[in-house]
Protein chains: 2
Amino acid sequence: MHEDGAEQRWSIGEVSRRTGITVRTLYHYDEIGLVRPARRTASGHRRYTASDVRRLYRVRALRGFGLSLEEIATVLARSSDDLATLRDLLAAQLAALEAYAARAARLSEQLRDLVGQLDAAVMPEPDQFLTTLEMISVYETYFTEEQREQLARRRTALGDETVEATKMEWLELVRAFKQHVADGTPVDDPRVRDLTARWETIGVAYASPDPQENDQISAAAAALWRDHQEEISTRISSQLDWLAPDDLPKIMEYVERVRQAR
Amino acid sequence: MHEDGAEQRWSIGEVSRRTGITVRTLYHYDEIGLVRPARRTASGHRRYTASDVRRLYRVRALRGFGLSLEEIATVLARSSDDLATLRDLLAAQLAALEAYAARAARLSEQLRDLVGQLDAAVMPEPDQFLTTLEMISVYETYFTEEQREQLARRRTALGDETVEATKMEWLELVRAFKQHVADGTPVDDPRVRDLTARWETIGVAYASPDPQENDQISAAAAALWRDHQEEISTRISSQLDWLAPDDLPKIMEYVERVRQAR
DNA sequence: CTTGAACCTCCCGCGACGGGAGGTCGTACG
DNA sequence: CGTACGACCTCCCGTCGCGGGAGGTTCAAG
């Protein structure tokens, strides 16, 4: 650690080449005071010292971890004596990165599904695909991020076949109810009471251990149905040949009346 | 699909509540022409139709997948007849997301290491930690992303113990060379020739199957050493009690001369 | 002394809005 | 019928991390 007067200094271009940071960025760092060259020549040209360059390397590393320039400025201002701040920031950044990675993974999965559906031409109608997009958004409007995550976890835990089986069972119930609605079966008939009980147990597999959470999810689902009955009914009936668009609202209303009658 | 004159229309505030999109954002979408309400009242208030709201849901879903508003505008402009564009965009987005997730995973690992080192107080000197940051940046300056990934893959494939063993073996070689340098052993001595051979085989475990890639990595490493001898030497010697800061350059030069003498 | 590269400052632009100022409109209530 | 208040309107500045251009000065080599 010897510092004599003849210390080496570099022009902004040389520094740019050495560090791989563009000249424009160096100007920017100087402007905001993040890395200012130790001195200027008489004519105003920037002269960077070895210590400036080291600071630049630190900035680059921290930028690489996703810290903002402001955060970097604060940790580099106090860091010599205080590593705790830096540690906390890095730890926070780590948590943020992991959360982001998890979100990205969920999105990737959803996207793979969608692209797969498009490729398999399962959904030949363009309108139908766009409607799928709408439903995704509606779904996200009514359920919070945690709720969606919770439901997604449950689904993957149960496995695709189980989920598919549940869907089939639900459709079977819908068909049975449709018949009862058509027949005008009274709401206190033991048969429809049994069907309603099965209806309610279906969701149990997706329930979380926390009952309060379940209530919130049920409430969100109810609100979704309340506000978007038509779209949902249209969409589901369009994929089945035995269900008319206005069947589902009638069925849901009927089920509700059965519940009340208990 | 019946469209009578008495179609339902909503004010911007109602739409905001229904979709969860802020009023400000609705203004923005109108401004850039992404979602314009079907009409205005005489006084200029926006009136959104059901079809506008559906478009908003589509926009929100696509935004959720990370598409830009411009991309969304193009796919929604042509999408009714052309799902291929949308498919390609989603597929591209999927690839981008996966790449990003992979990068996030690498960064997380690096960050966990760093935070772990800070917590374990392995590195009590603040300066030393900041120097670590500098080295990270330098490392990234000289090796390309693929090269770093390649090296990281090799390291994880070999396992921590093997890597540690390699490090130990290398240190052993360095100590042996240090002695030979001190003794002035001639560069054509079979003992130093053997040591140099071992030196060279050490890196082989990290080599890629592609020889050209190896050459590039070696070149990058050489450039790094050329430009940052001092920092590296200082850093390594500070962690060992038997190595002076100026030993390593001498040793490297000696090894080079042994190589030339062959 | 000239030429061309490197350097300087100043300023507009991006993407997707947030937020405030300052004005108009709609409607419910007194 | 007036008035109060909330909802709505347009216009414009700010964000973050620079990129890039204009228009001028300085440096180093020939």
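Letters A, B, ... mirror the listed sequences (proteins, then strands); counts begin at 1.
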Mind checking side chain to side chain donor-acceptor pair (under 3.5 Å) for E134(A) and listing every partner two or more places apart, or none if nothing turns up?
-> R54(B), R58(B)
Using a cut-off of strictly less than 4.0 Å between a heavy atom of the residue and any atom of DNA chain D, enumerate the qualifying residues of residues 136-144 of chain B by number.
-> none
Atom pair distance, as rounded to whole Å: CD in E70(A) and P in dT15(D) = 10 Å
Where at least one partner belongs to residues 92-105 of chain B, residue pairs that pass side chain to side chain donor-acceptor pair (under 3.5 Å), sequence neighbours excluded = R112(A)-E98(B)
Residue set satisfying side chain to side chain donor-acceptor pair (under 3.5 Å) with T144(A), at least two apart, ordered chain then number -> none
R18(A) and T141(B) side chains, donor-acceptor separation under 3.5 Å | no
How close or far is atom C1' of dC9(D) from atom CZ of R36(B), stated in whole angstroms?
-> 15 Å
Residue pairs involving residues 219-228 of chain B (criterion salt bridge (charged side-chain N to carboxylate O under 4.0 Å, His left out); sequence neighbours excluded) = none
Quiz: residues 20-33 of chain B side-chain donor-acceptor pairs under 3.5 angstrom, not counting sequence neighbours:
residue : atom : partner : partner atom : Å
T22(B)  : OG1  : T25(B)  : N            : 3.1
T22(B)  : OG1  : T25(B)  : OG1          : 2.7
D30(B)  : OD1  : R36(B)  : NE           : 3.1
D30(B)  : OD2  : R40(B)  : NH2          : 3.3
D30(B)  : OD2  : R46(B)  : NE           : 2.7
D30(B)  : OD2  : R46(B)  : NH2          : 3.2

R9(B) has an atom CZ; how far is it from atom C1' of dA7(D), in whole Å?
-> 20 Å
Please state how far atom CD1 in I72(A) lies from atom C1' in dC16(D), giving the value in whole angstrom units.
-> 12 Å
Any residue meeting side chain to side chain contact (heavy atoms under 4.5 Å, CB included) with D215(B), in chain and number order, not counting sequence neighbours | none
Residue pair Q260(B) / E256(B), side-chain donor-acceptor N/O under 3.5 Å | yes
Grab the CG-P distance between L67(A) and dC18(D) for me, whole Å please.
-> 13 Å
Integer-rounded Å distance: dG17(D) C1' and R63(A) CZ | 7 Å
Ignoring backbone atoms, establish whether R46(B) has a side-chain N or O less than 4.0 Å from OP1 or OP2 of dC8(D).
-> no
Set of side chain to side chain donor-acceptor pair (under 3.5 Å) partners for S137(B), sequence neighbours left out | R60(A)
Report which part of the nucleic acid I12(A) touches: base, sugar-phosphate, or nothing (heavy-atom distance under 4.0 Å, all strands).
-> sugar-phosphate
Between CD1 of I32(A) and P of dT15(D) the distance, given in whole Å, is 12 Å
Looking across every strand, which nucleic acid part, if any, lies under 4.0 Å from R40(A) by heavy atom: base, sugar-phosphate, or nothing?
-> sugar-phosphate
Any S68(A) side-chain N or O less than 4.0 Å from OP1/OP2 of dC16(D) | no
Does atom CZ of R39(B) have more than 12 heavy-atom neighbours, drawn from other residues, nucleotides or ligands, at distances under 6.0 Å?
-> no
Footprint ends on DNA chain C, 5' to 3', for atoms under 4.0 angstrom from a heavy atom of chain B, come out as dA16(C) to dG26(C)
What are the atom names and distances for every N/O pair under 3.5 Å that joins the protein to nucleotides 27-30 of chain D?
residue : atom : partner : partner atom : Å
dC27(D) : OP1  : S43(A)  : OG           : 2.8

For R153(B), what residues pass the salt bridge (charged side-chain N to carboxylate O under 4.0 Å, His left out) criterion, not counting sequence neighbours?
-> E149(B)
Using side chain to side chain donor-acceptor pair (under 3.5 Å) as the criterion, list what pairs up with T41(B), not counting sequence neighbours.
-> S43(B)
CZ of R24(B) versus P of dA7(D): gap in Å, rounded?
-> 18 Å
